[in-house]
Amino acid sequence: MPPQAFETLTSFENLKARIAGPDLVRTVAILDVLICHDGSLFCAWWHHSLPFHLAVLGFYGVMLFFVLSGFLIGTIMLDLLERGTSLKGWGIFLVRRWLRTLPAYYFWLFALLIPLAYFGPYGVPWDEARHALPWFLTLTQNLGWPMVSNWYGVTWSLCVEEWFYIAFPALLLTLLACRIKPALAFGTTLAAFFIVPLCWRLSLSTDVNWDEVTSKIVPCRFDSIAWGIAAAWLYRCRPAITRYSTILAALGTAIVLTVWWRNTGDNALWPPRFGAMASFDVTGLGYALCMPAMMRLRTLPPLIGPAVRSISTHSYALYLCHLPLALAAGDLQARYGLGRRHAVIFTILTTIGGAIHSWRVVERPCLKLRPRQG
């Protein structure tokens with residue numbers, strides 16, 4: 001029997017009861033990002049370029065994180081909506097989200113400032129990081145504008161998620177306060193989070209840098225998470241789709257692989273302008289179609305299961321620390337003569353060690369502090 005659409009998701013800190021599907025998705029997503037970022041830097045140290053189809057994997061990894069996040073928080077929000085949860089309950093929802101994401105973020109924010117202040121620059125001068133710090137402390141570094149500094153650039157996606165956690169429930173609760181029926185309020189809110197990002201992207205100049213502007217301004221990416229919400233809603237309201245989860249996953253995978261492989265050069269699937277607007281939604285749709293199959297995947301073979309679970313468990317810290325540590329290794333080469341092979345070893349060891357330390361010292365203790373969602 002496939003899992004029912006209304007089943008309760010196992011909390012992330014419950015390592016024994018977690019199902020394998022989301023763990024596998026997190027693992028694929030973080031590996032995509034690591035191949036893109038660290039792979040590009042490693043190749044550059046040997047004066048080579050990472051093949052294009054590998055260099056763009058970062059986009060697909062982050063998109064997968066967004067859709068997965070939307071699916072998981074969408075499932076929780078639908079539970080709250082069905083139970084008629086009070087404002088206090090929605091407040092607990094936000095506190096639980098923040099205790100999962102913010103402690104590790106601030107831990108790494110300050111941990112990375114220390115070597116920059118005393119041994120920098122690592123990527124940017126200390127003065128630039130110091131002046132940008134208030135933006136990073138308030139998670140406004142790309143709220144409605146391009147990143148204010150290239151320092152700690154990977155945090156742009158965290159800002160998208162944090163503001164989504166606030167904006168989506170705020171609009172939903174506002175509509176509910178206007179006595180709009182829950183289903184209509186949820187559908188209207190979801191529609192707004194597809195329409196506003198598209199309109200925002202269309203309002204940008206045609207010559208803006210797609211990677212630094214279009215793809216990283218917070219409101220421009222809300223629809224990437226909204227695809228996960230839409231998948232959770234469909235999974236909840238149409239349980240029969242679990243019968244077709246394999247077909248949907250095959251279709252979604254085909255969409256993503258086609259866009260990834262074909263959307264380059266003279267054989268691009270669409271004109272550049274259309275691609276800059278629609279690539280988020282086409283890829284988001286592909287990943288959303290895979291979510292029902294993800295929920296049916298309960299276990300993995302013993303040969304890979306423990307590794308996948310471990311990478312998934314540490315994926316958030318890996319995302320937060322991998323690129324700054326690789327950039328630091330590059331600066332150690334340039335200014336202190338660290339060998340390239342030693343720089344690779346330094347990057348790998350500090351990234352893995354930092355992620356393990358972050359999980360054990362910061363993330364896991366904070367998860368235990370989270371209030372129960374009534």
Side-chain angles (χ1 to χ4, degrees), residues 1-35 57 59-79 100 161 224-260 282-319 355 359 363-364 367 373:
M1 289 284 293
Q4 295 301 307
F6 50 82
E7 69 175 305
T8 301
L9 286 170
T10 303
S11 184
F12 186 78
E13 62 265 38
N14 191 339
L15 295 177
K16 294 183 178 180
R18 270 166 36 194
I19 63 175
D23 279 335
L24 180 61
V25 169
R26 288 189 197 96
T27 298
V28 172
I30 192 59
L31 291 178
D32 281 351
V33 172
L34 292 174
I35 290 170
L57 284 178
F59 167 78
Y60 295 92
V62 172
M63 275 295 307
L64 187 52
F65 272 129
F66 279 155
V67 175
L68 174 63
S69 177
F71 184 86
L72 298 178
I73 67 171
T75 300
I76 296 170
M77 287 193 291
L78 286 167
D79 286 338
R100 174 68 189 103
E161 293 210 31
S224 300
I225 303 177
W227 277 109
I229 302 278
W233 196 17
L234 181 63
Y235 188 67
R236 175 66 58 92
C237 298
R238 297 288 184 270
I241 67 168
T242 56
R243 302 173 188 171
Y244 311 104
S245 59
T246 303
I247 296 174
L248 292 175
L251 176 60
T253 302
I255 290 173
V256 174
L257 290 178
T258 301
V259 174
W260 170 64
V282 175
T283 307
L285 170 62
Y287 283 141
L289 291 173
C290 297
M291 293 297 105
M294 175 193 75
M295 293 301 293
R296 292 191 65 180
L297 184 61
R298 316 299 291 182
T299 60
L300 289 171
L303 188 63
I304 64 170
V308 167
R309 176 158 293 189
S310 179
I311 295 173
S312 171
T313 298
H314 298 95
S315 60
Y316 181 50
L318 287 170
Y319 185 84
W359 168 251
E363 296 172 63
R364 186 164 59 184
L367 285 174
Q373 186 76 67

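Keep in mind that this is a model prediction, so the values were computed, not measured. Excluded from the calculations below are hydrogen atoms, water molecules and symmetry mates; all remaining heavy atoms, backbone and side chain alike, are included.
E161 is not listed as a side-chain neighbour of I73, based on a closest heavy-atom distance of 4.5 Å or more. Between R18 and T313, the closest side-chain pair of non-hydrogen atoms falls below 4.5 Å. Here the side chains of D23 and I311 are not in contact, with every heavy-atom distance at 4.5 Å or above.
Counting all heavy atoms, side chain and backbone alike, M294 lies closest to P22 at CG-N, 3.5 Å. Residues V67 and S224 come closest through the heavy atom pair CG2-O, 3.5 Å. Scanning all heavy atoms of the two residues, the minimum distance from M291 to L68 falls at SD-CA, 4.3 Å.
The side-chain contact (heavy atoms from CB on, under 4.5 Å) search around S310 returns H314, not counting sequence neighbours. With sequence neighbours left out, the side-chain contact (heavy atoms from CB on, under 4.5 Å) criterion links A29 to L64, F65. Legend: residues meeting side-chain hydrogen bond (donor to acceptor under 3.5 Å, both in side chains) with Y319, ordered by chain and number and at least two apart, are S157. By the side-chain hydrogen bond (donor to acceptor under 3.5 Å, both in side chains) test, T283 pairs with no residue at all, sequence neighbours left out. By the side-chain hydrogen bond (donor to acceptor under 3.5 Å, both in side chains) test, T27 pairs with no residue at all, sequence neighbours left out. In this structure, the side-chain contact (heavy atoms from CB on, under 4.5 Å) partners of L78, at least two apart in sequence or on a different chain, are F186, A232, W233, R236.
Atom CD1 of I255 sits about 5.5 Å away from atom CG of L289, to the nearest 0.5 Å. Separating the CD1 atom in I19 from the CG atom in L300 is a distance of 10.5 Å, to the nearest 0.5 Å. R238 contributes atom CZ, which lies 12.5 Å from atom CZ of R243 (distance to the nearest 0.5 angstrom). Atom CG of L234 sits about 4.0 Å away from atom CD1 of I241, to the nearest 0.5 Å.
For the side-chain contact (heavy atoms from CB on, under 4.5 Å) test with Y60, the passing option among V256, V33, L257, V28 is V256; the others fail.
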Next on the checklist: Working note: Y316 + W359, criterion side-chain contact (heavy atoms from CB on, under 4.5 Å); need CA distance, chi angles, decisive distance, verdict.
Outcome noted: CA-CA 9 Å; Y316 181 50; W359 168 251; over 6 Å; no
Checklist entry - Can M77 and I229 be said to form a side-chain contact (heavy atoms from CB on, under 4.5 Å), step by step? => result CA-CA 9 Å; M77 287 193 291; I229 302 278; 3.5 Å; yes
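One N or O on the side chain of S245 and one on the backbone of T242 form a donor-acceptor pair closer than 3.5 Å.
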